[in-house]
Amino acid sequence: MGPTPTITIHVPGPLRTYCAGAAQLSISAHTVRAALEDLQRRQSALYRNVCDETGTVRRHLNVFVNSDNVRDLDGVDTALTPGDVVTILPAVSGG
Amino acid sequence: MADRVILTIGTKKGVFVADAAKPRRSFALRGPFGPGVPVYATLIDARGTPRLYASSCNPFFGMKVLRSTDMGKSFTETKSAPAFPKEDGRALANIWALEAGSGKKDLWCGVEPASLFRSHDAGDSWDLVPGISNHDHAYKWQPGNGGLCMHTIIRDGNRMHLGISTGGHYLSEDGGETFRASNQGVGAGFAPDPYPEFGQCVHKIARHDDAPGRLYMQNHGGWADWTGPGGPRPDIGVLRSDDYGHSWRSIAKGLPSDFGFPIVVHPHDADTVYVMPLEGATRSCPGGAPAVWRSENCGESWSRLARGLPKKQSYFTVLRDAMDIDRLKAPALYFGTTTGQLWIGREGGEQWDCLFDSLPPIHNVKVAVV
């Protein structure tokens, strides 16, 4: 395994209040899972909005690596490469 | 400050607060507070400086508890919401009940999947209450249509009564350390055994301090015409206990339907109890004509209270926590509907007026005089 890639997490507007207003976070992680674990350690309030207490990404959230939904890749085990942008987005819904 | 009547109104789109001077002629409405997501539980904790609480069920970002210390002019999130330990494997799906505890900052919280949490710091941190949350029955309870919810928490000294849908009534007599199912006489319509040990779909439980030992229950009725195994179960929907919840008997005779959700006791008369009968199949007002029904003799007979309510073409539902009564000398009842109307029943329900006509669907109504 090579050096840990540095990637960017894009934080959706409603969640910025849980990370001091930051729109983006820079994180070093080999996988999406590792990125979420880093969030759990360093941004615990933000993490609780993204994952439930079992560590599962909340059902109505989608996580993208660049333009691909991780559900179409390897889920939270999707590998990250330097410069990737991980975007957390609420699923489309209404009513 | 002069006494105010304050209402918290939990809706599909956040929590609203309304208040009025004591005559209750008109209420000022503010809100919605929160991120526009469903609110199933509210609490007006009038001990000391009043605190208002509301659950906030965010389908995207999880559960929060909102707190107001300025009489509902603003709400902020508490530092944390109830959460299961990671190794437990369950994840919080909703918050259904918030009740004050014995200490000034003590709170109890009933959640989905049915479990109980406790806070000693006004909701900033929470501990799982294992005696019920890890009860041997907990993994056998089944969700009802609204989810597997712990919706009723009643404290009576060292006794604690819990209502779980569908789990039944659970009783603690050691301050919440241990619980046992206490459902003798509580019927179930959706199981071959009409009187199982547990698993009933209890909708709401109420009591009054002046009648030690007496409890009223709105259970899931509507099973008089059942023809399957176990036979019909008429009148299992409205019940009373006279022995601290150890056994229950029907008081549904005389009601147009034994199905309903809320049950409320008069603040100054423990013999007077109110229900809102609904048709079992549609969960709506019988004949399209809504009415609250009142008993003034502990459920032995009932009378219809509908003056001012629509006489036809009204098919709303009043959910389990959407009816309450204030504590003024001539108390007023309040109920909120799934069609977004908030009604006040003045003089103990003798005269009904619509306070607000177009709120989002209403889940929860609480009232206090502060």
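Quick note on labels: first sequence line is chain A, next is B, and so on, each numbered from 1.
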Report which part of B:E77 has an atom under 4.5 Å of a heavy atom belonging to chain A: side chain, backbone, both, or neither.
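It is the side chain, since no backbone atom gets that close.
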Quick check on A:R59 against chain B: is it the side chain, the backbone, both or neither that has a heavy atom closer than 4.5 Å?
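Neither part.
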When rounded to the nearest 0.5 angstrom, what is the spacing between CG in B:L92 and CZ in A:R48?
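Interatomic distance, B:L92 CG to A:R48 CZ, rounded to 0.5 Å: 12.5 Å.
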Using a 3.5 Å distance criterion without hydrogens, assess whether the side chain of A:E53 forms a donor-acceptor pair with backbone atoms of B:A91.
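Answer holds: no.
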Compare all side-chain heavy atoms of [X] with those of [Y] and state whether any distance is below 4.5 angstrom.
X     : Y     : result
B:F61 : A:L61 : yes
A:P14 : B:F60 : no
A:N49 : B:K64 : yes
A:T54 : B:K86 : no

Decide if atom CG of B:N145 counts as having more than 12 heavy atoms of other residues, nucleotides or ligands within a radius under 6.0 Å.
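Atom CG in B:N145 is not crowded, with 12 or fewer foreign heavy atoms closer than 6.0 Å.
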Please say whether the positively charged group of B:K79, taken as NZ for Lys or CZ for Arg, lies over the ring of A:Y18, i.e. under 6.0 angstrom from the six-membered ring centre and within 45 degrees of the axis.
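Relative to the ring axis of A:Y18, which defines the angle, B:K79 lies outside at least one limit.
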